[in-house]
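Just so you know, these numbers use all the heavy atoms, side chains as well, and skip hydrogens, waters and symmetry mates. Just so it is clear, the structure is predicted and the values come from calculations on it, not from any experiment. Read the numbers this way: they start at 1 and go in the same order the structure lists the ligands and their atoms.
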Amino acid sequence: TACSSKYVLSQMHPMWQGPLVVPGGDHQSPIDIAVRKTVFDSELKPLVTSYDPETCQQIWNNGYSFLVEYDDTTNKNTLKGGPLRDEFRLCQFHFHWGETNDWGSEHTVDRRLFPAELHLVHWNSDRYSLFEEAVMEKNGLAVIGIFLKVGKRHEGLQKLVDALPSIRHKDSVVEFRRFDPGCLLPSNIDDYWTYHGSLTTPPLTESVTWIVMKQHIEVSHDQLAVFRSLLFTSAEEDVQKSMVNNFRVQQPLQGRTVRSSFT
Ligand SMILES: COc1ccc(C[C@H]2SC(=O)NC2=O)c(OC)c1
Ligand SMILES: [Zn+2]
């Protein structure tokens with residue numbers, strides 16, 4: 001689908017620090033969410049999600065993370081409400097994780113790192129007709145960020161974990177059907193932080209309304225270990241590199257305000 005955004009990542013080192021000066025960017029992501037500096041906004045509405053598992057298409061390794069992609073040619077997977085004025089359409093979700101459980105998330109909360117972070121990527125289908133158009137526009141994307149903690153096994157995640165060995169190498173893809181992304185949401189999606197930022201990999205465009213959930217989800221140690229069995233490298237390459245630490249470091253807030261939907 002369009003959203004697979006076969007973006008060519010510059011020869012990005014896993015601990016890619018990015019250029020010191022980002023071209024034309026002072027609203028970059030991820031950031032540290034300093035809770036004491038967030039501002040409660042009573043105008044923020046509850047988030048409304050509606051996902052159809054039948055639109056799930058494939059899971060693939062793009063050499064940076066693994067993506068589960070949805071058919072985004074119709075309006076079957078929608079996100080609205082929260083800080084959003086328009087209706088957005090899910091196109092994919094993916095994760096970021098570390099080589100150990102001590103780090104791996106992109107956003108931090110009061111400098112606290114989580115072992116992994118889930119991103120559900122949506123594009124503004126009220127204003128644009130393709131993901132690729134939306135990704136270049138200021139109000140083009142909405143990404144829900146959900147922290148993962150190591151604890152009890154996540155039953156819904158297991159179907160995805162079981163598919164990972166079949167996409168070990170970069171550019172491998174397999175059919176992946178009837179997966180409900182809603183099963184990955186925490187029980188409480190009314191408490192979140194929101195701010196305007198960017199993609200966390202090239203092209204780093206500042207087109208994202210970030211919605212970071214306060215409540216994390218739990219996955220087991222063994223489930224997360226399977227993420228780390230993926231490889232950055234393609235089958236042809238003679239040196240195989242484990243897909244770990246595929247996160248960007250936190251970027252300066254540059255005067256932005258992070259709003260909270262809760263007190
Ligand atoms: C050209 O379009 C792109 C390029 C990169 C990403 C992936 C980035 S953005 C994020 O939140 N996490 C990531 O790893 C993308 O995703 C929407 C869209
Ligand atoms: Zn991401």
Side-chain angles (χ1 to χ4, degrees), residues 1-19 22-25 27-31 33 58-70 72 77 79 83-84 88-98 103-108 113-125 128-148 160 170-171 181 184-185 192-213 216-217 227 230 232 243-251:
T1 52
C3 80
S4 61
S5 61
K6 303 229 184 306
Y7 46 92
V8 178
L9 299 175
S10 55
Q11 287 312 313
M12 187 191 303
H13 181 273
M15 286 292 283
W16 183 71
Q17 307 297 322
V22 177
H27 286 183
Q28 290 288 290
S29 294
I31 59 167
I33 298 168
Q58 68 260 346
I59 185 168
W60 69 291
N61 177 334
N62 71 349
Y64 186 63
S65 181
F66 64 89
L67 314 183
V68 176
E69 291 187 318
Y70 287 78
D72 62 355
N77 299 304
L79 169 67
L84 307 171
F88 287 70
R89 195 177 284 183
L90 175 74
C91 61
Q92 52 106 326
F93 69 80
H94 62 270
F95 297 80
H96 302 267
W97 60 91
W103 64 78
S105 63
E106 297 213 303
H107 289 88
T108 51
L113 289 153
F114 293 82
E117 185 172 333
L118 160 61
H119 288 160
L120 293 142
V121 178
H122 309 74
W123 54 276
N124 189 327
S125 52
Y128 309 106
S129 49
L130 275 181
F131 169 80
E132 272 124 348
E133 288 168 32
V135 80
M136 305 312 288
E137 303 297 330
K138 185 168 166 37
N139 53 18
L141 300 182
V143 181
I144 297 176
I146 299 171
F147 295 117
L148 275 64
L160 181 153
K170 175 181 175 189
D171 294 333
L184 297 176
L185 297 175
Y192 58 82
W193 295 286
T194 183
Y195 76 99
H196 190 263
S198 73
L199 303 178
T200 61
T201 62
L204 300 173
T205 31
E206 299 182 343
S207 54
V208 182
T209 297
W210 279 96
I211 300 166
V212 179
M213 290 294 147
H216 61 268
I217 59 172
F227 284 24
L230 292 172
F232 279 125
M243 184 180 274
V244 293
N245 301 329
N246 56 355
F247 54 84
R248 190 189 192 196
V249 292
Q250 293 78 40
Q251 302 296 308

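- Taking only non-hydrogen atoms, the option from Leu120, Val121, Thr201 nearest to atom 6 (C) of ligand 1 is Thr201.
- His119 contributes ND1 as its N, O or S atom closest to the Zn ion (ligand 2).
- For Phe131, every heavy-atom contact with ligand 1 shorter than 4.0 Å involves the side chain, none the backbone.
- Angle NE2 (His96) to the Zn ion (ligand 2) to NE2 (His94): 110°, rounded to 10°.
- Ring centroids of His107 and Trp193 are separated by 6.0 Å or more, keeping the two rings apart.
- Here the rule is side-chain contact (heavy atoms from CB on, under 4.5 Å) with Leu67, and of Val121, Asn62, Asn61, Ile59 only Asn62 fits it.
- Each of the atoms 4 (C), 5 (C) of ligand 1 lies under 4.0 Å from some heavy atom of Pro202.
- Aromatic ring orientation, His196 versus His27: perpendicular (interplanar angle above 60°, classes split at 30° and 60°).
- Contact annotation: for Trp210 versus ligand 1, heavy atoms closer than 4.0 Å belong to the side chain alone.
- Proximity of Cys91 to ligand 1 is not established, as no heavy-atom distance is less than 4.0 Å.
- The only option from Phe147, Trp97, Trp103 that meets the ring-ring contact (aromatic ring centres under 6.0 Å, His included) definition with Phe114 turns out to be Phe147.
- By the 4.0 Å heavy-atom criterion, Ser65 is excluded from the residues contacting ligand 1.
- Two rings, from His94 and Trp60, have their centers 6.0 Å or more apart.
- For ligand 1, the atoms sitting less than 4.0 Å from at least one non-hydrogen atom of Val135 are 2 (O), numbered in the order shown with element in parentheses.
- Every atom of ligand 1 is numbered from 1 in the order shown, and the set under 4.0 Å from a heavy atom of Pro203 is 1 (C), 4 (C).
- Counting heavy atoms from C-beta on, the side chains of Ser65 and Gln92 never come closer than 4.5 Å.
- Thr194 is listed as a side-chain neighbour of Thr209, based on a closest heavy-atom distance under 4.5 Å.
- Side-chain contact between Leu199 and Val208 is present, with at least one heavy-atom pair separated by less than 4.5 Å.
- Residues Phe93 and Leu160 have side chains in contact (heavy-atom distance under 4.5 Å, counting atoms from C-beta outward).
- Checked against Leu118 for a side-chain contact (heavy atoms from CB on, under 4.5 Å), the options Leu185, Val143, Ile144, Leu184 give a single hit: Leu184.
- For ligand 1, the atoms lying closer than 4.0 Å to a non-hydrogen atom of His94 are 10 (C), 12 (N), 13 (C), 14 (O).
- For ligand 1, the atoms closer than 4.0 angstrom to any heavy atom of His96 are 12 (N), 13 (C), 14 (O).
- If you number the atoms of ligand 1 from 1 as listed, the ones under 4.0 Å from a heavy atom of Gln92 come out as 16 (O).
- The distance criterion of under 3.5 Å between nitrogen or oxygen atoms is not met by Glu106 with respect to ligand 1.
- For Arg248, the heavy-atom gap to ligand 1 stays at 4.0 angstrom or more.
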